[in-house]
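In what follows, chains are A, B, ... by sequence order, proteins preceding strands, each numbered from 1.
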2 protein chains.
Amino acid sequence: MARGKIQIKRIENQTTGQVTYSKRRNGLFKKAHELTVLCDARVSIIMFSSSNKLHEFISPNTTTKEILDLYQTVSDVDVWNAHYERMQETKRKLLETNRNLRTQIKQRLGECLDEFDIQELCSLEEEMENTFKLVRERKFKSLGNQIETTKKKTRASKTYKKNLIHELELRAEDPHYGLVDNGGDYDSVLGYQLRFHQNHHHHYPNHALHEASASDIITFHLLE
Amino acid sequence: MARGKIQIKRIENQTTGQVTYSKRRNGLFKKAHELTVLCDARVSIIMFSSSNKLHEFISPNTTTKEILDLYQTVSDVDVWNAHYERMQETKRKLLETNRNLRTQIKQRLGECLDEFDIQELCSLEEEMENTFKLVRERKFKSLGNQIETTKKKTRASKTYKKNLIHELELRAEDPHYGLVDNGGDYDSVLGYQLRFHQNHHHHYPNHALHEASASDIITFHLLE
DNA sequence: ATAACTATTTATAAGCG
DNA sequence: TCGCTTATAAATAGTTA
């Protein structure tokens, strides 16, 4: 165990350096803590290793923020000023952008048009026209989709109804059907099914639903 | 020389405390400096004595500000004051508003319409139509104004021309006029007079011209 | 406050598990 | 990366000047 006089000189060996850093850091923090207790002082140590790892010590009963605020007050160094100013600048720019955006919106709502010259008015007019067309297209497309959907539903209910009627005809032809359960059953079954479609009817004359339009179906949905 | 085991406990004696504080502070700073050199680290120590005296250590080749900037970036600790927090909040809100405004603009340019349902599309369509009309109205009005202005200018020029010709006729009728200078014909005099206005000449033989400026005359020529 | 001295305590480099 | 050990370097309380 060679323990000659310690040279205060950069430790080249990485591993040894790491170990020494760790040990001496602890030693430093311990000393700081002792100082805190012995002399009722407040100490903040902030350190970065050569690999930029952060380590800090702060005296008990205080916070780093407190110390730094105090430091800022006492020392000449304006620690946060640069950041503060940068934020002010950011805020200013954001507000400016915001104003511009609002103006643009107003112009697209037909306000504040006085500042525009003819050419600008023309291009705005053109833009509005284009957008108007786009919106209308989109609207029609959306409506088309909706109609398509309702048509499908209509078809589905038509098929369902046809099957139902077909089945009823079969039962009517075959007496066995009627005898299985009591005979009043037809109406009640049919009535139950059809109430889905319209509130008050129990019977439909033949094919009554075949030509149902989209709006009818919408009504049907609302009633349901 | 009583040198028993050092108790890590607050030193009540003021003088002793001061001395210890001074000695240990130096020891701490020395350690910090050694750490800096040995391990290539950057250390910032900020401390306040019980009497609120500030002492600080900073590694060579760096500044306290640098360390604190880095600290703020790396640490989660909220070292800034309430003002900073308020500014952060303001910034956040501004950015949010900004986003919303941009979305609105995009929608009014016909983009991002997928999120809209039929009703929204309808009201947007209506809005676009209204604005479109407004813009067109404004355009026509602006065009109207422009036409009106040019008409006025044209009228003024015509009056001017009429007066000029009238005067020339008078001169032609009255021999005294013609004999003053050599008898130039109407055309050449007229040509001279018109050139004379473009070149900013001095005397006007007729009051009718007093209201016309050089630029007006140039415009008149362009319009004719 | 600061410096020097000195008996002690403390810190820690290097080695080991 | 730790924790432990140990010989030695360094720090420091108390004192004096």
Side-chain angles (χ1 to χ4, degrees), chain A residues 1-62 64 67 70-71 73-77, chain B residues 1-62 64 67 70-71 74-76:
Chain A
M1 303 178 186
R3 299 176 196 111
K5 183 173 178 176
I6 296 167
Q7 297 290 325
I8 302 301
K9 201 176 167 184
R10 184 170 195 273
I11 298 169
E12 299 299 337
N13 183 304
Q14 183 109 33
T15 321
T16 310
Q18 284 280 13
V19 174
T20 298
Y21 179 70
S22 172
K23 283 184 175 179
R24 277 181 174 261
R25 174 160 42 79
N26 286 329
L28 193 70
F29 287 0
K30 189 183 172 190
K31 289 279 181 198
H33 179 254
E34 289 176 2
L35 197 45
T36 301
V37 176
L38 284 167
C39 307
D40 203 23
R42 281 154 297 157
V43 185
S44 154
I45 304 181
I46 295 172
M47 53 197 294
F48 290 93
S49 71
S50 58
S51 54
N52 282 324
K53 250 191 162 159
L54 167 67
H55 294 278
E56 73 170 314
F57 169 85
I58 183 66
S59 295
N61 305 322
T62 189
T64 301
I67 296 292
L70 200 52
Y71 176 75
T73 322
V74 173
S75 76
D76 303 331
V77 184
Chain B
M1 300 177 188
R3 298 180 193 106
K5 185 173 178 176
I6 296 166
Q7 297 291 326
I8 301 301
K9 202 176 169 184
R10 184 169 194 273
I11 299 169
E12 301 297 338
N13 182 303
Q14 182 107 36
T15 321
T16 309
Q18 284 281 12
V19 173
T20 298
Y21 180 71
S22 173
K23 282 185 176 180
R24 277 180 173 261
R25 175 162 40 79
N26 285 330
L28 192 70
F29 287 1
K30 189 184 172 194
K31 289 276 183 200
H33 180 256
E34 289 177 0
L35 197 43
T36 301
V37 176
L38 284 167
C39 306
D40 204 23
R42 282 154 297 157
V43 185
S44 154
I45 305 180
I46 295 171
M47 53 196 294
F48 291 93
S49 70
S50 59
S51 55
N52 281 324
K53 247 188 162 162
L54 167 67
H55 292 277
E56 74 170 311
F57 168 86
I58 183 67
S59 295
N61 306 321
T62 191
T64 302
I67 296 292
L70 200 54
Y71 176 73
V74 173
S75 77
D76 306 328

Next on the checklist: Just the rounded figure in Å: distance from P of D:dT12 to CD1 of B:I11.
Outcome noted: 12 Å

Checklist entry - Rounded to the nearest Å, what distance is computed from the CG atom of residue B:N26 to the P atom of nucleotide D:dT12? => result 9 Å

Checklist entry - For DNA chain C, what dot-bracket results from Watson-Crick or G-U pairs at under 3.5 Å, with [ ] for crossers and | for inter-strand partners? => result .||||||||||||||||

Next on the checklist: Is A:T20 close enough to C:dA13 that one of its side-chain N or O atoms is under 4.0 Å from OP1 or OP2 there?
Outcome noted: yes

Checklist entry - In whole Å, what is the span from the CD1 atom of A:I8 to the P atom of C:dA11? => result 16 Å

Cut-off 3.5 Å, no hydrogens considered: what does the side-chain donor-acceptor table look like for residues 14-21 of chain B, sequence neighbours left out?
from  : atom 1 : to    : atom 2 : distance (Å)
B:T16 : OG1    : B:N13 : OD1    : 3.2
B:T20 : OG1    : B:T16 : O      : 3.0
B:Y21 : OH     : B:S49 : N      : 3.4

Do any side-chain atoms of residues 26-40 of chain B form donor-acceptor pairs under 3.5 angstrom with protein atoms, and if so which ones, sequence neighbours left out?
from  : atom 1 : to    : atom 2 : distance (Å)
B:N26 : ND2    : B:S22 : O      : 3.3
B:E34 : OE1    : A:R24 : NH1    : 2.6
B:T36 : OG1    : B:A32 : O      : 2.9
B:T36 : OG1    : B:S59 : OG     : 2.8

Checklist entry - Taking the same atom, P, in D:dA17 and in C:dA1, what whole-Å distance lies between them? => result 23 Å

Checklist outcome for this item: Between CG of B:L28 and C1' of D:dT12 the distance, given in whole Å, is 13 Å

Checklist outcome for this item: Within residues 50-60 of chain B, the residues having a heavy atom closer than 4.0 Å to DNA chain C are none

Item to check | Nearest-angstrom distance from the residue atom OH of B:Y21 to P of D:dA13 | outcome: 14 Å

Item to check | Rounded distance in Å - NZ (B:K31) to P (C:dA11) | outcome: 8 Å

Checklist entry - B:K23 has a side chain; which of C:dA14, C:dA11, D:dT15 sits nearest to it? => result D:dT15

Checklist entry - Out of curiosity, B:I58 CD1 to B:I67 CD1, how far, rounded to the nearest 0.5 Å? => result 4.5 Å

Next on the checklist: Please evaluate residues B:S75 and A:E56 with respect to the criterion side chain to side chain donor-acceptor pair (under 3.5 Å), reporting the C-alpha separation (whole Å), side-chain torsions for both, the decisive distance (0.1 Å), and the verdict.
Outcome noted: CA-CA 10 Å; B:S75 77; A:E56 73 170 314; 5.7 Å; no

Next on the checklist: Using the side-chain hydrogen bond (donor to acceptor under 3.5 Å, both in side chains) criterion, which residues pair with A:N52? Sequence neighbours excluded.
Outcome noted: B:R42

Next on the checklist: If you define the side chain from C-beta out and look only at heavy atoms, does anything of B:T62 sit under 4.5 Å from A:F48?
Outcome noted: no

Checklist entry - Rounded to the nearest 0.5 Å, how far apart are CG of B:L70 and CG of A:L54? => result 8.0 Å

Checklist outcome for this item: Atom CG of B:L35 and atom P of D:dA11 are separated, to the nearest Å, by 13 Å

Checklist entry - Which part of the nucleic acid, if any, lies within contact of A:Q18, taking any heavy atom under 4.0 Å across all strands shown: a base, the sugar-phosphate backbone alone, or nothing? => result nothing

Next on the checklist: Just verifying a value: how many Å separate B:R25 CZ and B:M47 CE, rounded to the nearest 0.5 Å?
Outcome noted: 6.5 Å

Checklist entry - Among D:dA11, C:dT10, D:dA13, which is the nearest nucleotide to the side chain of B:K30? => result D:dA11

Next on the checklist: Go nucleotide by nucleotide along DNA chain D from the 5' end; which of A:T15 and B:G27 gets its closest nucleotide reached first?
Outcome noted: A:T15

Checklist entry - Could you give the CG-to-C1' distance, from A:L38 to D:dG14, as a whole number of Å? => result 14 Å

